[in-house]
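Quantities reported herein were computed from a predicted structural model and do not represent experimental measurements. All heavy atoms count here, side chains included; hydrogens, waters and symmetry mates do not. Position 1 is the first residue of the sequence, and the numbers go up from there.
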Amino acid sequence: MPSLLDTVDFGRPAWFLPALTVGILAVAGIAVLISRQRDLIRKWRTWVLIAPAVGIPTMLGAGTTAAFAAALAAVAVLEYGRLIGLRRADTVVLLVLAVGYPVAAWLRPSVLGFTPLLVLLCAVPAVLSGDVETGSRRAAFTAFGSVWICWSLAHLVLVWPDAFLVCFAVAATDVAAWCGGKGLRRLAWARRPISPLSPNKTLGGVVGAVLGATAVLFVLGTVSVGLVLAVAVGGLFGDLLESMLKRQAQVKDAGDWLPGFGGLLDRIDSLLLALPLVYVLT
């Protein structure tokens, strides 16, 4: 796959994105320290840890990106399994796919063409156990998780060497959506929620996301209609998708080990839909 930076080449040097990330974190750090708000400080500290954790493996090569994607998928699968109450056998199937999909994307991308068959095979544990009462539910949620988490994160490898660029753009667009929702809340139309699943996701946030994605991608040196839609719309609806699952489970967050953010799923939900959209639309 050609680099996304081939879309519009502004001659950015290789160190531009890491330097931009460090600069933004530094400026944000000064701002949150001045605010003295503990929640913002916790989030900033978490971002300081997340940035190199994402940047280093995705910049080293496709192999390390595959390992990183597999690790993300494995943790996300465990959170997903707890969130919806999957049985151990179903979770094991997802863990196998969590590793298998990224490795396949690295070594033999053509294997991903068997994804529809593997989705159907997610029903094997329920079928073999003869689960009449909850078998269809187990099969459906396992199949959904295999696509939503495992298959989606494999696209970190498929969009390499631009994996960090996409992650950066999605994260920045999340912030822009929040700013749009807050900044335009005085306008009646902007306060209108786009779904009852999350009253905080408003039309103002959609405007902020689209404008933010356009601005961020322009600064990064790659901008197109497809990429803006993938990052902005994919990010917003990816967040709503997780909100639906959390509402069903009646929990606020998928986990509690990332200070200020909850669990890993709460941090990467926007990325899960944006990644395959970036691959398809660009």
For [X], does the [atom1] atom have more than 12 heavy-atom neighbours from other residues, nucleotides or ligands under 6.0 Å away?
X    : atom1 : result
F237 : CZ    : no
W106 : CH2   : no
R137 : CZ    : yes

Which pairs, with at least one residue in residues 225-238 and sequence neighbours excluded, count as a side chain to side chain donor-acceptor pair (under 3.5 Å)?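 Checked against side chain to side chain donor-acceptor pair (under 3.5 Å) - neighbours excluded - no pair reaches residues 225-238.
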Closest non-hydrogen atom pair, [X] against [Y]:
X    : Y    : result
A76  : I268 : CB-CD1, 4.2 Å
A105 : L112 : CB-CD1, 4.0 Å
P109 : L107 : CD-C, 3.9 Å
V216 : A172 : CG2-CB, 3.7 Å

Of the options L153, L273, L272, which is the one that meets W148 in a side chain to side chain contact (heavy atoms under 4.5 Å, CB included)? L272
W178: ring-ring contact (aromatic ring centres under 6.0 Å, His included) partners, not counting sequence neighbours: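 Scan of W178 (ring-ring contact (aromatic ring centres under 6.0 Å, His included), adjacent residues dropped) gives none.
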For [range], pull every pair meeting salt bridge (charged side-chain N to carboxylate O under 4.0 Å, His left out), keeping only residues two or more places apart or in separate chains.
range            : result
residues 171-198 : D174-R267
residues 233-255 : K201-D239, E242-K246, K246-D266
residues 211-238 : none
residues 114-131 : R87-D131, D131-R138

Could you label the plane-to-plane angle of the H155 and Y279 rings as parallel, tilted or perpendicular, counting under 30° as parallel and over 60° as perpendicular?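 Rings of H155 and Y279: perpendicular, as their planes differ by over 60°.
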So if you build clusters from Ile, Leu, Val, Met, Phe, Trp, Tyr with side-chain heavy-atom gaps below 4.5 Å, do V27 and V22 land together? no
Hydrophobic clustering (ILVMFWY, side-chain heavy atoms < 4.5 Å, transitive) - are L72 and L95 grouped together? yes
Under a 4.5 Å cut-off applied to non-hydrogen side-chain atoms, are I149 and L265 in contact?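 The answer is yes; the side chains approach within 4.5 Å.
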Please examine the side chains of Y101 and T115, heavy atoms only from C-beta on, and report whether any two atoms are closer than 4.5 Å.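 SC-SC contact between T115 and Y101 confirmed.
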Keeping the roles fixed (side chain from [X], backbone from [Y]), state whether a donor-acceptor pair exists under 3.5 Å.
X    : Y    : value
T202 : A190 : yes
Y80  : L94  : no
E79  : L264 : yes
T64  : G61  : yes
S152 : V147 : yes
S195 : S198 : no

